[in-house]
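So that the names make sense, note that chain A is the first sequence line, chain B the second, and so on, each numbered from 1. The model shown is predicted, which means the values in this text are computed figures rather than measured ones.
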Number of protein chains: 2
Amino acid sequence: MAFQLDLPLMLEQLRKKFGINDTQFAAFSSYFKKLEIPAKTTLLEEGEIANRIFFIEKGCVRVWFNSDGKELTMQFFFENETVASIESFKKQVPSLLYIETIEPCEIWYISKQDLETIHQQLGHTLDIRNELIDYLFERLFHYMHHFLSFLRDSPLKRYEALIKDNPMVIRRVPQHYIASYLGVSSVHLSRVKSELARKKP
Amino acid sequence: MAFQLDLPLMLEQLRKKFGINDTQFAAFSSYFKKLEIPAKTTLLEEGEIANRIFFIEKGCVRVWFNSDGKELTMQFFFENETVASIESFKKQVPSLLYIETIEPCEIWYISKQDLETIHQQLGHTLDIRNELIDYLFERLFHYMHHFLSFLRDSPLKRYEALIKDNPMVIRRVPQHYIASYLGVSSVHLSRVKSELARKKP
DNA sequence: GGGCTACGATAACATTTGTTATCAAATCAA
DNA sequence: TTGATTTGATAACAAATGTTATCGTAGCCC
């Protein structure tokens with residue numbers, strides 16, 4: 001049998017995700033750092049240049065931006081999902097987005113620099129690049145669908161779709177964040193909910 | 001000097017884009033086919049499985065979908081841009097989107113099969129993969145920004161931004177398409193325009 | 001436990017946007 | 001050119017959504 005590292009579960013998952021074998025990964029595993037942080041902790045602020053990618057082991061996170069003092073939520077992330085202010089990280093420009101915990105979280109991260117080290121040493125392996133391509137497709141399709149539903153659907157329909165497709169959000173995220181994610185005021189989301197309750201009691 | 005192929009300008013650009021040298025490209029150039037088509041020609045319909053990627057040499061194109069009989073426009077494409085129903089093409093699922101010319105067009109395309117042939121033969125070259133990664137980032141950032149502006153900005157602001165960032169759309173695209181692209185009715189876009197005219201005469 | 005804060009529901013009113021209808025101008029085809 | 005179609009503006013009204021204010025509840029910190 002191959003030499004077996006005793007990695008934390010999260011790192012083992014990351015290892016598989018990147019398609020790196022045990023022995024190679026041993027050299028890199030120390031690049032991944034763990035945070036244990038309370039709810040409402042800011043991981044990245046508007047204006048900062050993102051130099052970390054986050055991997056959520058436990059808890060949930062929202063990505064939002066400031067619009068004239070109003071907090072508008074772009075997306076929620078839960079266990080085993082990867083979060084970054086991807087445009088800031090890629091282009092090294094100031095982030096438009098905040099990343100903030102909603103619940104107490106256990107989160108791993110890696111710095112851009114360390115990721116590039118891995119990249120340089122394993123660049124000939126295509127797995128990392130393919131992983132990135134898959135990730136980008138996934139994110140792209142997510143935004144296209146979400147955007148499409150904004151053009152096509154009423155807030156009620158978007159809320160129903162959210163219940164169906166991502167009930168975790170309904171259960172774990174405060175409602176005013178959900179409202180801004182759906183593009184309506186929290187007052188209107190209340191209306192939508194009571195309308196839904198009347199429809200299906 | 002290297003052997004010089006006498007390629008049409010568009011193919012020369014595609015060659016560079018893919019990072020393939022002249023000699024190698026000679027074997028592939030016949031995979032790219034040219035269309036000369038009138039305005040309002042449908043290149044891909046809802047329900048079809050996309051098996052082509054289009055490169056616009058001349059003219060413009062819109063990508064739209066049907067929502068209860070209403071045509072909702074997702075995006076416009078102009079000269080030297082690449083268009084596809086990317087999710088359908090990648091996953092080989094029925095397309096949600098239509099691709100349709102707005103003006104008379106000269107458009108090149110390559111089939112998925114031929115693209116894969118190139119890919120297999122040049123897979124060791126990373127340029128194609130890097131090109132894809134760059135393209136995906138670009139598309140992703142585009143959708144994120146567009147979506148963000150839907151959450152943050154009024155239709156008036158979105159229209160002003162369009163004038164500033166992509167005046168070609170204003171000049172070349174019929175207004176009711178622009179309205180659906182901005183997420184408002186064509187009647188309301190007229191209102192927005194006259195409001196703008198009053199503001200800055 | 002007491003007080004504070006965050007969260008969510010509801011009402012009343014204001015604003016924005018959609019819908020339908022009509023008309024005028026521009027474009028296109030025969 | 002002429003007639004038909006497309007495009008765009010406007011008015012009048014309807015529907016959707018935002019805003020502000022108020023209230024009650026639940027959770028949380030000390």
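- Atom CG of B/Leu14 sits about 15.0 Å away from atom OH of B/Tyr31, to the nearest 0.5 Å.
- One atom, CG of B/Asp153, and another, C1' of C/dT16, lie 15 Å apart when rounded to the nearest Å.
- Here the P atom of nucleotide C/dG18 and the CG atom of B/Asp68 are 15 Å apart, to the nearest Å.
- Atom C1' of nucleotide D/dT17 and atom CG of A/Leu182 are separated by 14 Å, given to the nearest angstrom.
- Figure legend: A/Arg52 and A/Phe89 shown without cation-pi pairing, the cationic atom not lying both under 6.0 angstrom from the six-membered ring centre and within 45 degrees of its axis.
- Put simply, CD on A/Glu103 is 15 Å from C1' on D/dG27, counting in whole angstrom units.
- No hydrogens or angles considered: a donor-acceptor pair under 3.5 Å links the side chains of B/Gln75 and B/His142.
- Between B/Arg15 and B/Asp22 the shortest side-chain heavy-atom distance falls below 4.5 Å.
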*Per-nucleotide protein contact string for nucleotides 6-14 of chain C, where B marks a base within reach and S marks sugar-phosphate only (heavy atoms under 4.0 Å, - for neither)*: -SSBBBB--
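- Distances shorter than 4.0 Å separate none of the side-chain N or O atoms of A/Lys157 from OP1 or OP2 on D/dA16.
- A ring-centre distance under 6.0 Å is found for A/Tyr181 and A/Phe76.
- Look at CD1 on B/Ile102: it is 16 Å from C1' on C/dT27, rounded to the nearest Å.
- The separation between B/Ile178 atom CD1 and D/dG8 atom P is 8 Å, rounded to whole Å.
- Taking the six-membered ring where tryptophan is involved, the planes of B/Tyr98 and B/Trp64 are essentially parallel, since the angle between them stays under 30° and well short of 60°.
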